[in-house]
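Here's the structure, in structure tokens; my notes come after.
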There are 2 protein chains.
Amino acid sequence: MKLNTKSRYAVMALADMSKFPINNPVSLRDISLRQSISLLYLEQIFLKLKKNEIVKSVRGSNGGYVLKRDPKNIKLSEIFQAVDQKVKTVGCKKDSKKGCNGKSVKCITHELWDELDIYINNFFENKNLSDLLMTKERKN
Amino acid sequence: MKLNTKSRYAVMALADMSKFPINNPVSLRDISLRQSISLLYLEQIFLKLKKNEIVKSVRGSNGGYVLKRDPKNIKLSEIFQAVDQKVKTVGCKKDSKKGCNGKSVKCITHELWDELDIYINNFFENKNLSDLLMTKERKN
DNA sequence: ATATACCCGACTAAAATAGTCAAGTATTAC
DNA sequence: GTAATACTTGACTATTTTAGTCGGGTATAT
């Protein structure tokens with residue numbers, strides 16, 4: 001069970017941006033250098049963040065990306081949803097009528113995974129970008 | 001973010017076993033049929049469960065596997081640890097001195113992932129096999 | 001004996017991941 | 001007005017992980 005780099009980088013990059021004054025465009029190049037993330041990969045990630053209304057872009061020289069809302073109002077769950085279709089999943093689909101493993105009944109552990117889904121989502125629902133900056137000052 | 005089938009099948013298979021009287025060997029063939037999991041794959045999974053002292057094997061005809069302890073005393077966290085090295089992980093290793101992304105300092109979100117690790121582990125720590133059977137009777 | 005059922009290492013197809021590449025377009029600074 | 005910066009987009013690809021399969025065992029009950 002692990003998190004993919006896309007989600008991780010997205011959170012890292014946005015946390016990085018949160019440290020700058022809002023409305024001050026931050027270029028991906030700078031984020032790439034500070035956080036050691038491939039620029040080309042960041043571009044891919046930010047397109048998704050943009051589509052999902054988390055950031056907006058400022059084109060041209062001295063441009064970059066800007067948070068669309070205050071970091072306090074950007075929940076981690078939104079970020080995950082933006083870059084990684086689903087926050088967590090098991091084979092048996094939550095809403096499928098067919099049940100699990102091709103059987104017509106729910107598998108024996110079905111409810112467990114549903115519960116886990118909700119549990120993990122809860123973690124991300126209750127954390128926002130500004131929470132990440134609270135923990136003592138860093139220098140990177 | 002998703003769970004692999006190995007972990008899922010392990011929990012399913014053990015939950016299946018829990019429904020039978022303890023000390024009554026349950027064959028993988030039967031579990032395979034009831035839960036629609038490949039027999040050969042189950043064998044692989046049970047070798048790990050055996051190595052990790054969760055089940056013991058009874059060889060020969062009429063043999064099978066037996067839970068080593070009461071389902072009440074088998075935590076889901078143990079099962080996960082047995083089949084899937086780590087319960088959850090991000091690129092930056094929890095105990096590495098080197099920090100994340102090759103830098104000498106911890107990445108900006110390092111503490112978040114640690115917290116998430118603990119949070120998820122907590123879920124599995126507080127659930128045991130018999131908890132799975134509590135939820136209303138099933139017929140598969 | 002023979003059938004059942006565990007044992008174990010090696011192998012493999014398919015999918016997902018983690019990027020890269022090429023060829024743009026928009027805007028600002030000079 | 002032109003160079004430089006920086007976002008835009010779709011396609012492509014190497015690597016890794018996943019989800020198994022295969023073959024050839026060994027132990028035991030009947």
Side-chain angles (χ1 to χ4, degrees), chain A residues 1-13 17 24-33 35-52 54-68 80 83-86 88-92 100-102, chain B residues 1-13 17 24-33 35-52 54-68 80 83-86 88-92 100-102:
Chain A
M1 196 167 178
K2 68 184 174 201
L3 206 62
N4 57 21
T5 53
K6 240 168 196 159
S7 308
R8 184 157 63 92
Y9 291 167
V11 176
M12 283 175 72
M17 283 179 66
N24 174 40
V26 179
S27 75
L28 293 189
R29 199 182 125 75
D30 288 351
I31 297 177
S32 162
L33 291 171
Q35 304 299 333
S36 310
I37 302 170
S38 145
L39 173 61
L40 291 154
Y41 202 26
L42 271 179
E43 289 185 344
Q44 226 186 78
I45 293 167
F46 270 76
L47 279 181
K48 291 186 181 208
L49 293 175
K50 191 192 168 193
K51 266 188 199 124
N52 284 274
I54 292 168
V55 296
K56 61 186 171 197
S57 64
V58 178
R59 299 182 77 155
S61 166
N62 278 340
Y65 283 95
V66 171
L67 291 175
K68 246 192 150 172
F80 278 82
V83 295
D84 189 339
Q85 308 72 313
K86 43 200 86 168
K88 204 235 42 140
T89 186
V90 210
C92 25
C100 319
N101 278 16
Chain B
M1 197 167 179
K2 67 184 176 202
L3 206 62
N4 56 20
T5 54
K6 241 169 194 156
S7 309
R8 182 158 63 95
Y9 290 167
V11 175
M12 282 175 72
M17 282 178 67
N24 174 43
V26 179
S27 75
L28 293 189
R29 198 183 126 76
D30 287 352
I31 297 177
S32 161
L33 291 171
Q35 304 299 333
S36 310
I37 302 171
S38 144
L39 173 60
L40 291 155
Y41 202 26
L42 271 179
E43 287 185 346
Q44 224 185 81
I45 293 166
F46 271 76
L47 282 180
K48 292 188 178 205
L49 292 175
K50 192 193 168 192
K51 266 189 200 123
N52 284 274
I54 292 168
V55 296
K56 61 187 174 199
S57 64
V58 178
R59 298 181 75 153
S61 167
N62 279 339
Y65 282 95
V66 170
L67 291 175
K68 248 192 148 172
F80 277 83
V83 294
D84 191 340
Q85 307 75 311
K86 41 201 89 168
K88 204 235 41 143
T89 185
V90 211
C92 26
C100 319
N101 278 17

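Lettering follows sequence order; numbering is per chain, from 1. This one's a predicted model, so the numbers in the text were calculated from it and none came from an experiment.
The aromatic rings of Tyr9(A) and Tyr41(A) sit perpendicular to each other, their planes meeting at more than 60°, with 30° as the lower class boundary.
Nearest approach of Val66(A) to Asn24(A), heavy atoms of both residues: CG2-C, 4.2 Å. Between Leu28(B) and Leu42(B) the shortest heavy-atom distance is O-CD1, 3.7 Å. The minimum heavy-atom distance linking Pro25(A) with Gly64(A) is given by the pair CB-N, 3.8 Å. Among all heavy-atom pairs drawn from Ser32(A) and Ser38(A), the shortest one is OG-C, 4.2 Å. Between Ile31(A) and Met17(A), the shortest heavy-atom contact is CD1-CG, 3.6 Å. Closest approach of Ser7(B) and Asp84(B) over heavy atoms only: OG-OD2, 3.3 Å.
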Step by step, work out the side chain to side chain contact (heavy atoms under 4.5 Å, CB included) result for Gln44(B) and Lys6(B).
CA-CA 9 Å; Gln44(B) 224 185 81; Lys6(B) 241 169 194 156; 3.0 Å; yes
Using nucleotides 28-30 of chain D, report all nitrogen or oxygen pairs with the protein that are shorter than 3.5 Å.
from    : atom 1 : to       : atom 2 : distance (Å)
dT28(D) : O2     : Ser61(B) : N      : 3.4

Which atoms of nucleotides 12-17 of chain D (N or O only) lie under 3.5 Å from a protein N or O atom, and what are those distances?
none

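Which of dT9(D), dC7(C), dA19(D) sits closest to the side chain of Leu47(A) comes down to dT9(D). For Ser27(B), counting side-chain heavy atoms from C-beta on, the closest listed nucleotide (dT21(D), dC7(C), dC6(C)) is dC6(C). In this structure, the nucleotide among dC7(C), dG19(C), dT8(D) sitting nearest to the side chain of Lys50(B) is dC7(C). Ranking dG20(D), dC8(C), dT9(D) by closeness to the Glu43(B) side chain, first place goes to dC8(C).
At whole-Å resolution of the value, NZ in Lys51(B) and P in dC6(C) are 16 Å apart. As rounded to whole Å, 13 Å separates atom P of dG20(D) from atom CG of Leu39(B). As rounded to whole Å, 15 Å separates atom P of dC8(C) from atom CZ of Phe46(B). As a whole-Å value, the separation of Leu42(B) CG from dA5(C) C1' is 13 Å. In this structure, Tyr9(A) places its OH atom 8 Å from P of dA18(C), rounding to the nearest Å. Counting to the nearest Å, the P atom of dT8(D) and the CG atom of Leu49(A) are 12 Å from each other. Spacing between atom CG of Leu28(A) and atom P of dT9(D) amounts to 13 Å, rounded to whole angstrom units. In this structure, the CD1 atom of Ile31(B) is 12 Å from the C1' atom of dA5(C), given to the nearest Å.
Side-chain nitrogen and oxygen atoms of Tyr41(A) include none within less than 4.0 Å of the OP1 or OP2 phosphate oxygen of dT17(C).
If you check every strand for non-hydrogen atoms under 4.0 Å, Tyr65(A) touches sugar and phosphate atoms only.
The OH atom of Tyr65(B) sits 7.0 Å away from atom CD of Glu43(B), with the distance rounded to the nearest 0.5 Å.
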